[in-house]
Amino acid sequence: MDSAFQHLSQIVQPSDLHRFSDKELRDLANEVRQAILQNVSRTGGHLSSNLGTVELTVAMYASYNIPPDKVVWDTGHQAYPHKLLTGRLPRFDTLRKHKGLSGFLRREEHELDVFGAGHAGTAISAAMGFAAARDRQGTTEKVIAVAGDAAIASGMSWEALNHAGELGTDLCVVLNDNRMSIAPNVGALTNYLAKLRSRPLVQNLARKAKVAIERLGEPAVRAADGLRHGITHYLAPLETGTIFEEIGFEYIGPVDGHDLPTLLEVFRNVRDMNYPVFVHAITVKGKGYEVAEEDARKWHGVVPFDLAACEMVKAAGPVTFTQAFGDATIECAEEDPKVVAITAAMPDGTGLAGYAKKFPDRYYDVGIAEQHAVTFAAGLAAGGMRPFCAIYSTFLQRAYDQVLHDVCLQKLPVRFFLDRAGLVGDDGPTHHGVFDLSYLSPLPNMTILAPRDTTELREMTHWMAKYDAGPTAVRYPRGSSDERLPESRTSIALGKSEVIREGKDLTISAVGSMVSVAYEAAAGLAAQGIEATVINARFLRPLDSETLIGSVSKTKRLITIEENMRSGGFGEACRNALHDAGMGGIPHRLIALPDSFVEHGTQPILREECGLCAAAVIAEAVRLVKAPSR
Ligand SMILES: Cc1ncc(C[n+]2csc(CCOP(=O)(O)OP(=O)(O)O)c2C)c(N)n1
Ligand SMILES: CC(=O)[C@@H](O)[C@H](O)COP(=O)(O)O
Ligand SMILES: [Mg+2]
C-alpha cells in the first residue's frame, strides 16, 4: 500500500481517530479518498457512492466512541470508508475478490460491521433494534443509522422512522443526500428534500434581501412585505417543521456533507442528544474525482479503470440477457400500446433505460420500492394494461407477499422479468438470485420460464407479452449466454420443453443458464461412450412432465441441473413428476446449489465451486451409469 497513507495506516480502529487534530483529520479524509480511488481502480466495485461518504465517515468516527457506539450502514455499498477506518486498509486490495473482503458489510467479516446489508432500506429498522436492546440492557452507547436519499425512500425506512419517532428513543439517523440513486433519484420525497436543501440558501437570501430593502426606505419595505407574503406562501412548508420534526425527530441541517469542521461540530453536539435526531447531510456522489462527480451514474458500479486517464472501458462483449430483455421490451411496446414497464430504481441494471427514452410515458421508475412496484403492476394489469415488472431476482424477495397476495391470488397477468437470477459474482450472497425458482414455484397461477440463451429470452418476452391468462415470470442470469448450443430451436409454447440432444443412456434435464452446461457435459460423456439426452426445460411451471417421463422411461436415469437452491427448485419438481408417474425408483441426481449462502467471487469460480459445471455433471453421470442397476 502506498506510503502516502501516513495517517490512514495508523488506523486499526475508530478510536485511533481521537488522537488526530482536526487538521490531521482533514489529511486523513484525503488519504481515505485516495485509498478508495487507488484500490477500486484496480479491483472494481462501487465508486461514486463511496467517494461521497468520506468526510461523513471521518467526522462520525472521530466524534463517537466506536465501539461501543454503533453505526448501521444502509445497503453498505457506500461503506468502504468505514472499512478503511476499521483497520482493513492492508486487505483493501482484496475487495470483492474470492475469499477477500466483501463489497458490503458482513458481521462475520468484522465486529464493527454490526449489521450486514446489500438490500436497501434496512438500516433504520436495524438501528432501532440495537437502540431498543440497549435501552432494555440499561447501557448508554449511541446508535447511528446512515441511509442514502434513495434508500430512505424505501418503505421499510418509513416504517422505522414512524416507529422511532413514536418511541422517542436515543437514535441518530444520518441522511446522506446526494440527489442520486444509481440513476438520478426519483419521487416526491426527493423533491421535498430539494426544498430542504435550499433552506440555507433561501434563509441567506431572505436575510440579505431584507437588509438591502431596508436601506431603500419605507415604501420599498411595504412593497417587499407584500412580496414576502407571496413568497412565503410558496415556502410555507419550510416555515413549518420538516416532516422529520413532525414525526418526532430533531432535524439538523441541511449541512455540507464535505465540510469536515462543521460535520465534526455537528456530530460532537448530536452525540450528546439522547432522543431521535435526524442529520440531513448534503453530499456529492463521486466527490473528489471529477469524472465521477460529473457522471455518478456511470461511476456507481465500476470495473477496473485507468485512474490517471479517468477512463473506464466496459468491454463490449456478446449481447447480454439484460440487453436482450431491453430490446425485446421495446419491440413489444411498439407492437402493443398496452405494454408498460416498471423498474424499482434500476433502469440501467434491468436494461429499461433505452425503453424509457423511447416510451417515457409508458415507463415508471418507482424508486427503491419493490413492494409498491409489484402491487402497482397488479393494479395496472387489473386496469387492462400489460405491465412488464423488471426486478432483480434477489430484490423481488422484498415483495414476496405482493407477488402472492396481489398478483397470483387474483391471477393478474403481470409479467415479471428477473434479471441476475443465479450466482451474480462479486456482489456475493446478498445479491445472488438463487431462490426465485423455489419461492415462485409454490404459487398457484404462476408460470415460470427460464431461457437457455439470449435469443430464447427475446422469444419468451414476446410470448409473455401476449399471454394474458395469468402472471408469468422469466428468470435469467447476469451477463451473456453461452452460444455453444445448437442453433435449431422450436417456438415457445406453454409448458413445453425442448429436446436439444438425443441419447439412450441417461436424460439430463436442465433449466436456463444450466442448459449449456448440460449440453457440454453430454459432449464429454459421448467421448466416453455414454449417450445422453439433453432437455432444455424452458418452463419450470407448468413442468413438461410428458417429455420428461417419455425420455426417462427409455434412458432409465435422470440428472437435473439448476442454478438455484435444490429445496423447492426445478430438480425437486422433476423428482415429483417421476414419483407421480410411478417412476420414483429411477436412479436420479439433482444438481443444484449447496444448502448454504455462496460467497462472492467471479461467476465461473463460484459455479465450479458449487458443482455447476460440465466436469461435475460428467462425474455424476458416470457414477450414475456405472452404478450397478437395482
Ligand atoms: C432493495 C434494493 N433495491 C435495489 C437495490 C439496488 N441499489 C443499490 S444502491 C442503489 C441506490 C442507492 O441510492 P442511495 O441510497 O441514495 O445511496 P447512494 O448510492 O446515492 O450513496 C440501488 C437502487 C438494492 N441494493 N436494494
Ligand atoms: C449496491 C447494489 O445493490 C447495486 O449497485 C448492485 O451492486 C448492482 O448490481 P449489478 O452490477 O449486477 O447491476
Ligand atoms: Mg443517493
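All values below come from the heavy atoms of this structure, side chains included, with hydrogens, waters and symmetry mates left out. We count ligands from 1, going down the list as the structure has it; atoms in each ligand are counted the same way.
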Whether the side chain of D365 engages the backbone of A345 through a donor-acceptor N/O pair (distance < 3.5 Å, no angle test) should be reported.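 Looks like yes, one N/O pair under 3.5 Å.
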Identify, by atom number and element, the atoms of ligand 1 in contact range of K285, meaning under 4.0 Å from any of its heavy atoms.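 Once the distances to K285 are compared, the set is 18 (P), 19 (O), 20 (O).
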With distance as the sole test, does Q78 use its side chain to make a donor-acceptor pair with the main-chain N or O of G76 at under 3.5 Å?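 A pair under 3.5 Å: yes.
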I need the single residue from T322, D436, D427, T350 that forms a side-chain hydrogen bond (donor to acceptor under 3.5 Å, both in side chains) with R420. Which is it?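 When side-chain hydrogen bond (donor to acceptor under 3.5 Å, both in side chains) is applied between R420 and each of T322, D436, D427, T350, only T322 qualifies.
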Could you tell me, atom by atom, which parts of ligand 1 come under 4.0 Å of a heavy atom of N178?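 Near N178, the atoms of ligand 1 are 18 (P), 20 (O), 21 (O).
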Please list the nearest protein heavy atom to atom 3 (O) of ligand 2 with its residue and the distance rounded to 0.1 Å.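 For atom 3 (O) of ligand 2, the nearest protein heavy atom comes out as H431 NE2, 2.7 Å.
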contact_flag H119 ligand 2 heavy-atom lt 4.0 Å: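 Heavy atoms of H119 never come under 4.0 Å of ligand 2.
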Starting from atom 25 (N) of ligand 1, what is the nearest protein heavy atom, named by residue and atom, and what distance separates them?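 The protein heavy atom lying closest is G118 O, 2.8 Å.
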For atom CD of E608, is the number of surrounding heavy atoms from other residues, nucleotides or ligands below 6.0 Å larger than 12?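 Atom CD in E608 is not crowded, with 12 or fewer foreign heavy atoms closer than 6.0 Å.
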For ligand 2, indicate whether the residue H300 contacts it via side chain, backbone, both or neither (heavy-atom separation under 4.0 Å).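 H300 to ligand 2: side-chain contact only, backbone stays beyond 4.0 Å.
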Where the Mg ion (ligand 3) is the vertex, angle from N178 OD1 to M180 O to 10°: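 Roughly 90°, rounded to 10°.
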Surrounding CD of E290 (heavy atoms of other residues, nucleotides or ligands, distance under 6.0 Å), is the total greater than 12?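 It does not: E290 CD has 12 such atoms or fewer within range.
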Please state which protein non-hydrogen atom is closest to atom 13 (O) of ligand 1 and give its distance, to 0.1 Å?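 For atom 13 (O) of ligand 1, the nearest protein heavy atom is A150 CB, 3.3 Å.
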Against ligand 2, does D427 come closer than 4.0 Å with any heavy atom?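 Flag set, D427 near ligand 2.
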Rounded to the nearest 0.5 Å, what's the gap from CD1 on I144 to SG on C172? Could you check?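 Nearest 0.5 Å value for the CD1-SG distance: 6.0 Å.
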Do R362 and F359 form a cation-pi contact, if we require the NZ or CZ to be under 6.0 Å from the six-membered ring centre and within 45 degrees of the ring's axis?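 Yes, R362 sits over the ring of F359.
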Between Q323 and G351 (side chain of the first, backbone of the second, donor and acceptor by atom type, cut-off under 3.5 Å), is there such a pair?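 No, Q323 side chain to G351 backbone: no donor-acceptor pair under 3.5 Å.
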Counting only heavy atoms closer than 4.0 Å, does ligand 1 sit against the backbone of T75, its side chain, both, or neither?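 Just the side chain.
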What are the atoms of ligand 2, with element, lying closer than 4.0 Å to any heavy atom of F395?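 Within the 4.0 Å cut-off of F395, ligand 2 contributes 3 (O).
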Polar contacts were defined as any N/O atom of the residue lying under 3.5 Å from an N/O atom of the ligand; does this apply to D149 and ligand 1?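 Yes, D149 has an N/O under 3.5 Å of an N/O on ligand 1.
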I'd like to check whether Q78 has a polar contact with ligand 1, where a contact means an N/O of the residue lying under 3.5 Å from an N/O of the ligand.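 Between Q78 and ligand 1, no N or O pair is found under 3.5 Å apart.
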Looking at R478, which atoms of ligand 2 are within less than 4.0 Å of one of its heavy atoms?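 In order of number, 10 (P), 11 (O), 12 (O).
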Out of Q371, E370, Q397, who gets a non-hydrogen atom closest to atom 3 (N) of ligand 1?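 Residue with the shortest heavy-atom distance to the ligand atom: E370.
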Identify the protein heavy atom lying closest to atom 11 (C) of ligand 1, giving its residue, its atom name and the separation to 0.1 Å.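 Going by distance alone, atom 11 (C) of ligand 1 is nearest to S181 OG, 3.4 Å.
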Distance alone, cut at 3.5 Å: any donor-acceptor contact between the side chains of D113 and H82?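 Looking only at side-chain atoms, H82 and D113 do form a donor-acceptor pair, the distance falling under 3.5 Å.
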Region of R398 engaging ligand 1 - heavy atom pairs below 4.0 Å: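 Under 4.0 Å from ligand 1, R398 contributes side-chain atoms alone.
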Quick one: which ligand 2 atoms are inside 4.0 Å of a heavy atom on F104?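 Per the distance check, 1 (C).
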N/O donor-acceptor pair under 3.5 Å between H300 side chain and L47 backbone: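 Absent.
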Applying a heavy-atom cut-off of 4.0 Å, say which part of D74 lies close to ligand 1: side chain, backbone, both or neither.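 No part of D74 is near ligand 1 at this cut-off.
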Proximal ligand 1 atoms for A345, defined as those under 4.0 Å from one of its heavy atoms: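 Matching atoms, with element in brackets: 23 (C).
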Nearest option to atom 7 (N) of ligand 1, as decided by whichever heavy atom of T394, L396, I182 sits closest: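 The option holding the nearest heavy atom is I182.
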Answer with yes or no whether A296 contacts ligand 1, where contact means a heavy atom under 4.0 Å from a ligand atom.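 No heavy atom of A296 comes that close to ligand 1.
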Check D149 and report its N/O/S atom nearest to the Mg ion (ligand 3), by atom name.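 Looking at D149, the N, O or S atom with the least distance to the Mg ion (ligand 3) is OD1.
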Region of I368 engaging ligand 1 - heavy atom pairs below 4.0 Å: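 It is the side chain that gets close, since no backbone atom is under 4.0 Å.
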Examine distances only and state if a side-chain atom of N50 and a backbone atom of H46 form a donor-acceptor pair shorter than 3.5 Å.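 Yes: the side chain of N50 pairs with the backbone of H46.
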Any N or O on F395 sitting closer than 3.5 Å to an N or O of ligand 1?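 No; the residue has no nitrogen or oxygen that sits under 3.5 Å from a nitrogen or oxygen of the ligand.
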Could you find the nearest protein heavy atom to atom 6 (C) of ligand 1 and give me its residue, atom name and distance?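 Checked against all protein heavy atoms, atom 6 (C) of ligand 1 sits closest to M346 SD, 3.4 Å.
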Among all the protein's non-hydrogen atoms, which is closest to atom 15 (O) of ligand 1, and how far away is it?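 The answer is A151 N, 3.0 Å.
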Taking atom 26 (N) of ligand 1 as the reference point, the nearest protein heavy atom with its distance: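 That would be A120 N, 2.9 Å.
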As an exercise, identify every atom of ligand 1 less than 4.0 angstrom from a heavy atom of N176.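 Checking each atom against N176, I get 21 (O).
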Check the side chains of H431 and Y392 for a donor-acceptor pair under 3.5 angstrom, ignoring hydrogens and angles.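 No, H431 and Y392 have no side-chain donor paired with an acceptor closer than 3.5 Å.
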Are side-chain N/O atoms of D93 and N39 paired as donor and acceptor at under 3.5 Å?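 Judged by distance alone, the side chains do not pair up.
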